[in-house]
Amino acid sequence: MFKVTVDNKVIESNKEISIEELVKTNFSYDDIVAAKVDGTLVDLSQLIKSDCDISLVKSSDEEGLEIIRHTCAHVFGHAIKQVYPETKMVIGPTINNGFYYDIFSDNSISEKELSSIEKLMKKLSKKNYKIIREVIDKDKAKEVFTKRNEDYKLKLIEEIPENETIAIYHHEEYIDMCRGPHLTSTKFLNFFKLMKVSGSYWKGDSKNQQLQRIYGTAWDTKDNLKSYLNKLEEAEKRDHRKIGQKLDLFHFQEEAPGLVFWHDKGWSLFNIIKDFITQYLRVNHYQIINTPQVLDKSLWKKSGHLDKFSDLIFDVTSESKEFAIKPMSCPGHIQVYNQGLKSYRDLPIKYAEFGIVHRNEPSGTLHGLMRIRGFTQDDAHIFCTPDQIESEIKKLINDIYDLYNTFGFTEIKVELSTRPEKRVGSDEIWDKSEKALASALNSSSINFEHNEGDGAFYGPKIDFSLLDSLEREWQLGTIQLDFSMPTRLDANYIGASGEKIAPVMIHRAILGSLERFVGILLEEYAGDLPLWMAPVQAVILNISENQANHCEELADELNSANIRCSVDSRNEKINYKVRHHSMMRTPYLLIIGDKELKDNHISVRTRTGEDLGVMNVDKFVKMVETLVDEKSKNLNINQE
RNA sequence: GCCACCUUAGCUCAGUUGGCCAGAGCAGGGGUUUUGUAAACCUCAGGUCGUCAGUUCGAAUCUGACAGGUGGCUCCA
């Protein structure tokens with residue numbers, strides 16, 4: 001006789017019983033997909049024979065969804081082996097919102113085929129067959145997968161420690177190896193979709209065998225599947241490339257892959273952001289400098305960039321001399337630092353540059369404004385003593401958060417990368433600086449992930465990332481400690497006792513690439529930029545020709561008052577113009593008819609269709625000034 | 001760079017199994033209209049169907065190469 005507590009209900013039993021059976025006989029639930037026995041996630045087929053505490057996992061729970069997705073990956077395996085029996089299964093993990101399966105097959109799977117494979121999966125899941133878990137030892141596992149010609153599964157088995165048991169799951173004739181848990185039948189597997197195919201590599205290494213990866217999504221209900229697919233569609237509309245074209249901000253063309261043609265309004269936005277950062281730099285005692293775009297290769301050789309990153313460097317040859325277009329600004333900044341002697345009393349010295357850098361990124365990695373070959377970094381280098389590291393870092397972290405918040409970003413992913421195997425600098429200085437970075441993060445009570453061994457060879461770093469509309473991560477800010485380059489490029493300062501010492505260099509970018517940042521901003525706001533960043537803040541629309549001249553005068557007046565304003569006096573109906581400029585996401589539409597002309601008033605409408613009523617110009621100017629000063633997201637001062 | 005896919009007018013897209021001068025809507029030009037808060041009406045023009053080669057009596061449509069792009073993978077100072 002033993003006692004089991006299931007969701008606070010105590011059940012007694014005197015014979016071994018599966019959780020599934022236990023639930024069936026004691027509850028009327030129909031959405032249980034797995035269970036946790038004393039906190040450990042297990043299959044429902046698990047047998048219970050002694051006292052324990054069980055909590056049930058529902059299909060709608062995060063863990064339940066993951067199980068559905070995991071099992072869905074297996075059913076994909078079941079299906080693909082029926083279509084192409086010689087397919088070799090590799091790995092099929094769950095990911096956010098779904099799963100993928102890496103396979104090896106001589107048949108290349110195209111996206112067109114996915115719907116027919118999906119149909120077969122549906123057919124299999126409709127059979128509502130039992131999924132049977134079997135625990136076997138390593139030798140038996142080898143035997144099973146040797147028989148099935150599953151070369152990759154065999155490689156995986158090799159990596160499993162001796163005397164560890166292995167679980168395999170039987171899906172009718174299909175067998176997959178997996179820790180589980182899994183569904184006990186395909187009953188809960190109804191709402192899924194195969195999404196896309198991609199290439200991938202065995203062990204994620206491009207030197208290894210190329211595999212095919214099939215992505216899918218799976219949900220507990222039809223509605224959840226539908227709303228996920230809808231969400232993707234909505235996200236697509238926020239794509240910065242589409243918005244950029246619609247709002248006439250920038251374009252790309254074939255002759256300049258990975259390089260931006262900025263149009264007036266896009267460049268205006270770019271410069272608003274740049275000016276905002278410039279203001280920050282002034283207040284925080286940066287020296288704003290500018291260094292050459294093209295430098296002799298000997299300098300890049302000396303800095304170490306040429307050895308490490310030669311593939312990414314654009315070459316220029318002139319009169320038999322070889323130059324490189326700068327891929328980063330640091331060597332240039334050291335040249336400025338090296339002009340004249342520096343004393344320990346001068347430190348920290350901070351050089352900032354909106355450095356335009358070019359990197360010949362592989363064609364397959366380019367992505368709109370997010371990943372390009374020529375971009376502008378809000379780059380700076382802080383030359384300081386080891387003792388100054390921590391306070392400088394702490395300040396930077398806080399500033400980065402403040403600045404991101406000002407732009408409206410609150411979800412920021414932070415990663416701390418520590419010493420890699422191949423590195424320069426003594427262990428003491430690594431200890432000290434890793435500690436400095438971690439304690440700076442901790443003291444600002446910031447959640448961050450550790451990336452052991454992912455630091456640069458010259459020092460540890462902190463990276464800050466934001467998400468785009470499809471929740472892809474893009475790195476923006478970075479703070480990197482560097483113990484190498486100052487020495488390589490002969491930078492030093494005179495210490496208190498007169499000796500020459502190499503300074504520590506902190507590379508840091510706040511927005512990272514301004515281009516990428518514009519991309520992220522556009523997706524975050526779906527083009528509805530807050531007033532202070534809107535390239536055109538107001539457009540004046542006349543009702544008829546009678547008011548056209550007055551509109552021009554009004555525009556001059558508003559522009560003089562620092563409101564970015566244009567006039568649309570085309571011979572069109574007001575409805576047409578309102579629609580047009582609403583779609584262009586201009587924050588304010590100022591409408592002038594005979595009434596407004598007579599009273600010298602403006603009728604104010606926002607891009608979202610809100611009518612702010614008729615007011616005089618002064619009141620409008622004051623409202624805009626206030627909202628811009630506050631960097632508000634609102635267009636109406638009365639909004640709380 | 002690798003895998004799959006895509007490329008037709010300024011934009012968004014139609015173009016059936018290869019078959020007469022390749023279509024639509026919006027945008028644009030010209031007229032009419034002088035308009036009151038999300039699309040007035042008439043009319044005109046606009047395309048070497050990404051590029052180059054090939055198959056064919058005939059190619060936007062089939063094949064190949066290349067370019068650019070999209071989604072991933074790898075990479076990312």
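Proteins get letters first, then strands, A, B, ... in listed order; numbering begins at 1 in each.
Look at A:D468 and A:R238 and you find no salt bridge, because none of the NZ, NE, NH1 or NH2 atoms lies under 4.0 Å from a carboxylate O.
Nearest nucleotide to the A:N575 side chain, out of B:G72, B:G69, B:A40: B:A40. The side chain of A:S110 lies closest to B:C5 when the candidates are B:C5, B:A77, B:A39. Listed nucleotides B:G72, B:A77, B:A39 differ in distance to A:R579; the shortest reach to its side chain belongs to B:A39.
Residue contacts shown for A:R516 are absent, as no nucleic acid heavy atom lies under 4.0 Å away. Among the protein residues, A:G355 comes within range of no part of the nucleic acid, since none of its heavy atoms lies under 4.0 Å from any strand. Within the 4.0 angstrom heavy-atom criterion, base atoms lie near A:I591. Counting non-hydrogen atoms under 4.0 angstrom, A:H367 reaches the backbone sugars and phosphates but no base. Residue A:M583 is classed as a base contact, given a heavy-atom separation below 4.0 Å to a base.
Within the 4.0 Å cut-off from OP1 or OP2 of B:U12, at least one side-chain nitrogen or oxygen of A:Q245 is found. Residue A:H251 has no polar side-chain atom (N or O) positioned under 4.0 Å from OP1 or OP2 of B:G10. Side-chain N/O atoms of A:R605 include one lying less than 4.0 angstrom from OP1 or OP2 on B:A38. Residue A:S108 places at least one side-chain N or O closer than 4.0 Å to OP1 or OP2 of B:A4. Phosphate proximity of B:G71 to A:R241: present, with a side-chain N or O under 4.0 Å from OP1 or OP2. An OP1 or OP2 oxygen of B:G72 is reached within less than 4.0 angstrom by no side-chain nitrogen or oxygen of A:Y101.
Nucleotide B:A60 forms a pair with no other nucleotide shown, judged by Watson-Crick or G-U wobble geometry with both contacts under 3.5 Å. Nucleotide B:U32: paired with B:A40 (Watson-Crick or G-U wobble, both distances less than 3.5 Å). Base pairing of B:A4 is made with B:U70, judged by Watson-Crick or G-U wobble geometry with both donor-acceptor distances under 3.5 Å. Under the Watson-Crick and G-U wobble criteria, each requiring two contacts below 3.5 Å, nucleotide B:A9 is left unpaired.
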> Where do A:H240 and A:Y525 land on the ring pair (Phe, Tyr, Trp, His ring centres under 6.0 Å) test, with the steps shown first?
Replying inline: CA-CA 10 Å; A:H240 73 280; A:Y525 289 105; over 10 Å; no
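In this structure, A:F309 counts as stacked on the base of B:A77 under the 5.5 Å centre distance and 30° plane angle limits.
Between A:E361 atom CD and B:A77 atom P the separation is 9 Å, expressed in whole Å.
Under the 30°/60° scheme for interplanar angles, the aromatic rings of A:Y337 and A:Y351 are found to stand perpendicular.
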